Amino acid sequence: MSDDKDNLDITTQLVHASGRNQPPTGQPTATPIYASATYTYESMAEIDRVFGGELPGYIYTRYGNPTVTALETAIQVIEAGATACAYSSGMAALHAALLACELSSGATVLASQDLYGATTNLLQAILGPFGIKTVTVDFANLDEVRSKALEIKPRVLIAETISNPLLKVCDIDAGAEIAREVGARLIIDNTFASPYLCQPLKHGADFVVHSATKFLSGHADAMGGIAVSRDAADSMALIGVMKLVGGVLSPWEAHEILRGVKTLAVRMDRHCENARALAKRLSNHSRIGRVYYPGFTSADRQEVANRILRECHLGALISIELKDNSREAAFGFMDALKLCVRSTSLGDVFTSVLHPATASHRDLSPARRRQLGITDGLVRISVGIENVNDIIADIEEALGA
Ligand SMILES: *Cc1c(COP(=O)(O)O)cnc(C)c1O
């Protein structure tokens, strides 16, 4: 077919006239969105070599996409891992990391009792019927973790850098040591800390997972997940889940998240500074019974937080328990907020509040919630990057209402 598109029928021109332009002269300074599902080559011989892995190149966006690769490369470098693979959500990334640990029927997972609710549900409701058993334990109690691990010989240990909603910082070094002792792999969900505050692979984790929907993206406008392996030997497993389960990240979302990643450090500095000031301010408020914040713990927990998290950064989250420890009091306080947003997420530029008992931990029985310390009067605050005095004023006014 000639290059001269003028001779073609309009029906053909409509399909082909825009052309498949060569990359422009002048390199884009921002990563373009490669909104293409497929890729073509000059010859079949070339396609054959790309398929065979002899020639680098993209074939089909479920196997890889240049915009998604740019995000994966950034996170792989920042987390200092061998391979990063992006998925359509944090849950898809967690699923991939779990499958990459060769979980098969009869295997056991030793999970933190404080895991994100959906992660516990994934283990129990989705992996459970495949014969994979999950045992939960308090990862803040290392003696309990070790003795359970020695007893059940799990294939996987899984915990979060900062737990939800009580914000316990995980001693990843100790967790990795226990995992090595029993021949298990350690997966760390680093969503609450972000790679700016903690790089779990450097503390001995085998896999680190992020819900990119939260701090990495940071603007409540994208959803995605990333799993990173420390060892190159695990790369094919992560890539395999991406290609065959197919929960891949769209290039549009990758572009949004990549934009967020560029400002992660400045956002986190402000998030953490604001959270510290707010925690301090609320710590002796007459209507608050208890403030959960990694800075308000025992000396040994403090040592863990200082070792695991970036210096002077204790995270962007605070949980408060109202003295009137009821659902009505919590809802009343939350409804009275004018600036802080009632929303089911965290890590956004705006301050947001969530009621764990009716949101993240809704599916648990009241007895189990009590056991975990998640009371009806508990409210989680994800502190934003606004002027802290405005955040404090809104919260104090709502507490007084
Ligand atoms: C939100 C979240 C997830 C799930 O991520 P999605 O992007 O919503 O799928 C997993 N772990 C933690 C700690 C989270 O906060």
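Start at 1 and go down the list; that is how both ligands and their atoms are numbered. Quick caveat, the model's predicted, so the values are computed rather than measured.
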Quiz question: by atom type and distance under 3.5 Å, do the side chains of [X] and [Y] form a donor-acceptor pair?
X	Y	value
Tyr58	Thr69	yes
His361	Asn164	no
Tyr116	Ser211	no
Ser229	Asp231	no

Check Asn164 against ligand 1 and report side chain, backbone, both or neither, counting heavy atoms closer than 4.0 Å. neither
At a 4.0 Å threshold, what atoms of ligand 1 neighbour a non-hydrogen atom of [X]?
X	result
Leu346	15 (O)
Gly224	7 (O)
Asp189	10 (C), 11 (N), 12 (C), 13 (C)

Say whether, by atom type as modelled, one donor and one acceptor occur between the side chain of Asn190 and the main chain of Cys198 under 3.5 angstrom. yes
Can you check whether Phe192 has an N/O within less than 3.5 Å of an N/O in ligand 1? no
Output yes when the distance from some N or O of ligand 1 to some N or O of Ser211 is under 3.5 Å, and no in every other case. yes
Quick test of your reading of the structure: of Tyr87, Phe215, Tyr116, whose heavy atom lies closest to atom 10 (C) of ligand 1? Tyr116
Could you pull out, from Lys214, Met223, Met91, the option with a heavy atom nearest to atom 1 (C) of ligand 1? Lys214
Nearest neighbour in protein (non-hydrogen) for atom 6 (P) of ligand 1: Gly90 N, 3.3 Å
Lys/Arg-Asp/Glu bridge criterion (N-O < 4.0 Å) met for Arg307, Glu303: yes
Arg230 and Glu79 ion-paired at < 4.0 Å: no
Answer yes or no for Val209: is there a heavy-atom contact with ligand 1 below 4.0 Å? no
